[in-house]
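Atoms considered below: every heavy atom in the structure, side chains included; atoms not considered: hydrogens, waters and symmetry mates. Note that the structure is a prediction, hence the values are computed from the model and not measured. Each chain gets a letter, A, B and so on, in the order the sequences are listed, and its residues count up from 1.
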Protein chains: 4
Amino acid sequence: MVKQPNPARRSERSRQAILTAARELVSEVGYAKLSIEAIAARAGVGKQTIYRWWPSKGAVVLDAFLALSESGPEDSMTLPDTGDLEADLKVVMRATVAEFADPAFEGPIRALNTEIINDPALAAQYRARLAGPVEEAKRARLRSAQRAGQLAADADLDLALELLYAPLYQRWLFRSGPLTPAYADALVEVFLKAMRPDVDQLTDAQDSAKLEKSG
Amino acid sequence: MVKQPNPARRSERSRQAILTAARELVSEVGYAKLSIEAIAARAGVGKQTIYRWWPSKGAVVLDAFLALSESGPEDSMTLPDTGDLEADLKVVMRATVAEFADPAFEGPIRALNTEIINDPALAAQYRARLAGPVEEAKRARLRSAQRAGQLAADADLDLALELLYAPLYQRWLFRSGPLTPAYADALVEVFLKAMRPDVDQLTDAQDSAKLEKSG
Amino acid sequence: MVKQPNPARRSERSRQAILTAARELVSEVGYAKLSIEAIAARAGVGKQTIYRWWPSKGAVVLDAFLALSESGPEDSMTLPDTGDLEADLKVVMRATVAEFADPAFEGPIRALNTEIINDPALAAQYRARLAGPVEEAKRARLRSAQRAGQLAADADLDLALELLYAPLYQRWLFRSGPLTPAYADALVEVFLKAMRPDVDQLTDAQDSAKLEKSG
Amino acid sequence: MVKQPNPARRSERSRQAILTAARELVSEVGYAKLSIEAIAARAGVGKQTIYRWWPSKGAVVLDAFLALSESGPEDSMTLPDTGDLEADLKVVMRATVAEFADPAFEGPIRALNTEIINDPALAAQYRARLAGPVEEAKRARLRSAQRAGQLAADADLDLALELLYAPLYQRWLFRSGPLTPAYADALVEVFLKAMRPDVDQLTDAQDSAKLEKSG
DNA sequence: AGCTAATCGAGACGGTACGTCTAGTCTTGCG
DNA sequence: CGCAAGACTAGACGTACCGTCTCGATTAGCT
C-alpha cells in the first residue's frame, strides 16, 4: 500500500509557489520544455513536494490554470440571454474567437489540450473542473432557446454543442484556417439552420412565441 | 550554412528499417515513451542515420504512417458517389467511426495529432501528404452534390467539411462521447439540414440537373 | 559560477563501487579503452555521479589506485637503513625492478603516466599523494647516508634521486632496454661513484661519524 | 589475406596535404583532441586515404614530424668533438635544455611520447627513424672519449647515456623540476664523476693524454 | 593513345562514447 | 512529519568520431 501524505499538514505557501512558478514557466519556455526540476527551483521547493501532491506535470499545469479561473467570485457562469438566440450566440462565438487569438492564451491551452488527449485521467479532471461548468452554461442557453421555440425541441444538445463549437475549436487547434468574427457568424448561422424546428413540429410554445413577436 | 546530406546516397534499407521500427515501437510502448535511441536499436541503425534524415521524433512517426498509406497503387482517392448524398455520406461517416474504434489505429494517430498541434511545420507536412488528399476527395463529393442541387450552391465547402467532421473528430480526440454508427447518421442528417439549398435559391444548374433526371 | 556538490552528502557506497569498477576495468580492457560509461555500468551507478565528483577519467583511475595504497595503516614509509648504503640501495632498486616486471602493475601505471604527462593538474595530485611520500622516504635515506659520510654532504638530493631512478624508470617506460637485477646493481654502483664524497671534502660530521664507528 | 595498396600509385599531393594538416592541427588543438576526420577535412582528402596508408593516428603524427626532420640535407648527425669532453657535453646538454623550453616543441613531442609509451610498434618506428640516429651520434662521442682516456674504457655506453639524459628527460616529461643551463652543467659534472676511469685502470693512452696536458 | 584497374574525394553507414539533462526516488538535517 | 535541498540510479538526448563501405571521377602504368 502506498503511503498517503496527510493533506492537513500541506504547506499552502509551497502550493501557491509551485502553481505560480508553473504558470510563469509555461509562458516563458512552453509546455514541452517545462520540467519539474525547473518548477521546483523557481518555486524554492523540493522536488519531492511536487511529486508528493501531483501525479504528473500535466496535473500541476492544470491545477495552475484552474487556480486562476476558480479564484473568481462565483464558480457558476451564465451566457447572455436576450431572447435573440442568433445575436446571443454570435456575441459568444466572437468572444471565443477573440480569446483564441490572444497569444498569452495560445501556448498553455494548446499544451493542456495535448496532455488531455493522451491522459484520460487528466481529461476527466479538466472536464469536471474547467470545461464542465462552461458546457453546462452553454447547454442552459440552448435549453432556453428550445423553450422559446427557436431550436428543435427534440434536438440532441450534446450534438448541438459539438456542431457549434467543434469546427471553431478544430480550426484553432490544428491551425487549419483563419479565425475571424465573420467565421464565428457563419458558424452560428449554419448552426441555426441545422437546428431550427421543422415546420411540422410547431408546438403551442412556439405558436405563442410567434404571436408575441407579431403582436 | 548547415551541411545537407546527399539524398542520392541514402540507404533505402535503413529507411525502411527505421520506419518499420518506429511503427512497431509506437504500437508497443506508445508515442510518449518512444525514443530515437530505441528506434535506432530496433532498426539496427546508427542514431545519426535518423538524425541525418529527420528533424524530430514526430517527423519519423509521421513518415512511418505516410509510408503505409502511400504504398497503395495510386495516391488519389475518391469517395462513393451513387447520387444519393445522404446514403453516401452515412457510409463514409460510419466507416470513419469504425476506423477510429480500431485500437491499432488509436495510439499512433492520437500521438501524431498531439505533435501536429504543437509543431506547425509537422502539421504542414501532415496536411500536404496525408490529410490533404482525403480532404480533396471529400470536397469533390460535396461539389458533385452541389451540381446535383443537393447542397446549397454557395456553401463554403471548408466550413461544410468542418461541420461534418469536426464534431466526430473532437469526440474521438477528447473522448467526450460515444462513437456509434447512430451518431454518424445523426451528424449526416443535421449536416444536410444545415447545408441544403434554400427553396428560393434554385439555379439554372439545379433546374437542368432536375430535368436531366426526369428526362 | 558553477554549482558545487556538497561532499558531506556524498555516498561512500557509490564512491567505493566506482573505484573498484575502475580498477577492475583498467585491468581487463586497458586504460585507453576504459570508458566512463563502462565504469558507471559496472559500479551500478549513474554517470552523473562520476561526473559530479571527478573531472576526468584520469582522475578516477588515479583515485582508484591511491585508494589502494592509502588503505595501509600509516601513510608514511621508510626505506631499509642497515648502515650499508650500497646494500640497502641494491635491495630497493632490485625490488623496484621486480615491481615493474609485474604484468598486473604494467597497464595501469603506464596509463597513469600517460595521463600525468599531458595533464599537469593530475600530475600535481599524483605527486602529492602517491609519488611524494615515496620520494621523501628515499631522500631521508640519502640524508642518513650523508650524515654517515657515505655521500657528498653538499650533494643535490633531487639530482641524486633522478640519477638513481630516472634511468630505470625511462627504460621501463619506453621499453628501451632489459630490466634485470644486474642492471639495478650497476645503477647503484655508478650512482655511488658519482655521489661519493671527495677525499678533500671531509667535514667534522664525517670525522665524528668515523670516530663513532671505530670507537 | 588483406588487400595491400600499391605504393607506386600513391598520391604524393595527398600525402603532403595530410602530413601538413596533421602538423597544423596538433599545434592548434593538441594531440588528444586531434581526429582523423579533422585531418582529412583540413587536407581535403577522403578518410580512407588516411586509413589506407597509416595504421593509427599516432603513426600519422609521427610521420608528420619525421617528414620535417628528414627533410634536412643529410640524415646522419655528429656531436661536437673538441677533445674537451666536459665542455662538449655541456654544450649539447644546454642545447637540449633550450630545445625542451621551446613551446612549439612542447605539445607535439609530449604527445608523441604519450603514444610511444603505449604503442610498442610506434615506439620501434620512433627509435629507428628519429631517436636512433641521435643516440648513435651520442654513443660515438662517448667512444671517442673512451679512446682519449676520459671515460672508463669498460663503461656500459647504454647505461652511460641513460645516466646523462634520463634525468633531464624525466624532469621535462613530468615537469618535476626546473630545466636550466645550470642543471645541464650539474648533470654533466656528476656524469663525468661517475664515469671517469679508475686510477688503477690507467692505460698507455691515458698516460700519454696526461703528458700532453701537463707538457 | 587507349584501356583498365587502383586510388582518389566524398560522405553515408553501424556503432561507441561523450557530457548534459531530466525523471522520479532516497537521504539528511531543519523547524 | 513535512519541508528544502540535493545526491542518487536510470536512461534519453543530440554530437563527435570511429573505422568500414560504397560511389563516381580522376589517374596512373601497361598494352
Open item on the list: Just to be sure I understand the rule, does Thr49(C) reach a base, reach only the sugar-phosphate, or reach nothing, if contact means heavy atoms closer than 4.0 Å?
Closed with: base
Task: First encountered from the 5' end of DNA chain F, between Leu34(B) and Ala43(C) - done: Ala43(C)
Open item on the list: Checking contacts here: which listed nucleotide (dT22(F), dT28(E), dA6(E)) is nearest the side-chain heavy atoms of Arg9(C)?
Closed with: dT28(E)
Open item on the list: Would you say Ser35(A) places a side-chain N or O within less than 4.0 Å of OP1 or OP2 belonging to dC21(E)?
Closed with: no
Open item on the list: Within the 3.5 Å criterion, strictly below it, is a donor on Ser56(C) or Asp119(C) matched to an acceptor on the partner's side chain?
Closed with: no
TODO: Please figure out whether Pro7(B) or Lys57(C) has its closest DNA chain E nucleotide nearer the 5' end.
DONE: Pro7(B)
Task: Side-chain touch Leu25(D)/Glu28(D), heavy atoms, less than 4.5 angstrom - done: yes
Task: side-chain contact (heavy atoms from CB on, under 4.5 Å) partner of Val61(D), chosen from Leu122(D), Leu34(D), Ile39(D) - done: Leu34(D)
Task: Separation of dC13(E) C1' from Lys47(D) NZ (nearest whole Å) - done: 10 Å
Which donor-acceptor pairs under 3.5 Å do side chains of residues 47-54 of chain C form with protein atoms, sequence neighbours excluded?
| residue | atom | partner | partner atom | Å |
| --- | --- | --- | --- | --- |
| Lys47(C) | NZ | Glu37(C) | OE1 | 2.7 |
| Trp54(C) | NE1 | Asp63(C) | OD2 | 3.1 |

- [ ] Figure out the CZ/P separation between Arg10(B) and dT22(F), and round it to whole Å.
- [x] 19 Å
Task: Value in whole Å for how far the P atom of dA7(F) lies from CD of Gln4(C) - done: 10 Å
Open item on the list: Using heavy-atom distances to pick each residue's nearest nucleotide on DNA chain F, tell me which of Tyr51(D) and Ser14(A) is more 5'.
Closed with: Ser14(A)
TODO: Mind calculating the distance between CH2 (Trp53(A)) and C1' (dT25(E)) to the nearest angstrom?
DONE: 17 Å
Open item on the list: From CD of Gln48(D) over to P of dC13(E), roughly how many Å is that when rounded to an integer?
Closed with: 17 Å
Open item on the list: Under a 3.5 Å distance rule, please check whether Arg110(C) uses its side chain to pair with a backbone N or O of Leu173(C) as donor and acceptor.
Closed with: yes
TODO: Can you tell me the distance, in whole Å, between the CZ atom of Arg15(D) and the C1' atom of dT7(E)?
DONE: 16 Å
- [ ] Let me know the distance between CH2 of Trp54(C) and P of dC18(E), rounded to the nearest Å.
- [x] 15 Å
TODO: To the nearest Å, give me how far apart CG (Asn6(D)) and P (dT27(F)) are.
DONE: 17 Å
Open item on the list: Is the phosphate of dC8(F) approached by Arg52(C) (side-chain N or O, under 4.0 Å from OP1 or OP2)?
Closed with: yes
